[in-house]
2 protein chains.
Amino acid sequence: MNTDNTKSQMRKGMLEYCIMLLLHRQPCYANDIIQRLHEAEMIVMEGTLYPLLSRLKKDGLLGYEWRESTQGPPRKYYTLTADGQEALTQLDAGWEEISRTVNFLKQ
Amino acid sequence: MNTDNTKSQMRKGMLEYCIMLLLHRQPCYANDIIQRLHEAEMIVMEGTLYPLLSRLKKDGLLGYEWRESTQGPPRKYYTLTADGQEALTQLDAGWEEISRTVNFLKQ
DNA sequence: TACAATACCTTGTATCGCAAGGTACTAAAG
DNA sequence: CTTTAGTACCTTGCGATACAAGGTATTGTA
């Protein structure tokens, strides 16, 4: 079997939650997010992250501001909006529910 | 925002894991699975479950046997194969990893 | 024989993660 | 001034999945 694929599927949707958890603490730009999630043992690809950030921005959950960089082009620093905070609260509940379900099934 | 969709996405892939956790304990047929997962607060649709069971069967993770029913047509009772047990162990590790990641990000 | 209940399965749609590739800006080297 | 390397942002095409809706087959009862 290809458990890698299944594990990848298990991460689906979790990414959105993890990114919002991250931005809840501090503004980040794309490479920040990739690196910090990597430290948390969650691998994210660029091709996954950018469309996700754009979607959350479009849904009003994220905002961003441009900041200059000393070593290259300017960066988009994303932050949680008020709606984003509220959505995060609901996703916290969703995570708790999944967690309860798994622990219940595992006994 | 539509957090329902996000929650649905968060469950993606988890379903496979939860079903295997369930079958690890006892053989079940489709409606058993739907009902037991419902008790564990995880909603599954028929149109989701049947293709998933077929796929796991095809991958050699599940086997099944027909059993007569006193109230209707016979039922397919699915069980975990040896390969399925092994895959379940790997998925346990995957779940632990995700769980660690989320808890790390939540501090 | 007709009908309802149960059980299994298929098709079409939307969404997502990912690999690959592309564009634009900055700074340093020639 | 031009070229090159590095950084940052974004898009396209593909495979996989959950779900809604609809279909088929078997059983028992009226």
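Values reported hereafter were calculated over all heavy atoms of this structure, with side chains retained and with hydrogens, waters and symmetry mates removed. Numbers restart at 1 for each chain; the letters A, B, ... are given by sequence-line order, proteins then strands.
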How many Å lie between CZ on Arg75(A) and C1' on dG6(D), as a whole number? 12 Å

Could you please spell out the steps behind the salt bridge (charged side-chain N to carboxylate O under 4.0 Å, His left out) verdict for Lys7(A) and Glu97(B)? CA-CA 10 Å; Lys7(A) 286 183 184 174; Glu97(B) 193 174 307; 5.6 Å; no

Sequence neighbours left out, what passes side chain to side chain donor-acceptor pair (under 3.5 Å) with Gln90(B)? Give chain and number order. Thr3(A)

Between Leu105(A) and Leu37(B), is there a side-chain heavy-atom distance shorter than 4.5 Å? yes

Using a strict heavy-atom distance below 4.0 Å, which residues from residues 25-39 of chain A are in contact with DNA chain D? Tyr29(A), Ala30(A), Asn31(A)

Charged N to carboxylate O under 4.0 angstrom, Lys12(A) versus Glu16(B)? no

Contact pattern, 5' to 3', of nucleotides 13-21 of chain D - B, S or - by protein heavy atom under 4.0 Å: --BBBSBBB

Mind checking who shares a hydrophobic cluster with Met45(B), ILVMFWY linked at side-chain heavy-atom distances under 4.5 Å? Ile43(B)

Quick test: give all pairs of protein nitrogen or oxygen and nucleotides 25-29 of chain C nitrogen or oxygen below 3.5 Å, distance rounded to 0.1 Å.
none

Side-chain atoms of residues 81-89 of chain B: list all donor-acceptor pairs with protein atoms under 3.5 Å, sequence neighbours left out, distances to 0.1 Å.
| residue | atom | partner | partner atom | Å |
| --- | --- | --- | --- | --- |
| Thr81(B) | OG1 | Gly60(B) | O | 2.6 |
| Thr81(B) | OG1 | Leu61(B) | O | 3.1 |
| Thr81(B) | OG1 | Asp83(B) | N | 3.4 |
| Thr81(B) | OG1 | Gly84(B) | N | 3.1 |
| Gln85(B) | OE1 | His24(B) | ND1 | 3.3 |
| Thr89(B) | OG1 | Gln85(B) | O | 3.1 |

Lys58(B) NZ to dC9(C) P, straight-line distance once rounded to whole Å: 15 Å

What is the separation between atom OH on Tyr50(A) and atom P on dA19(C), rounded to the nearest whole Å? 16 Å

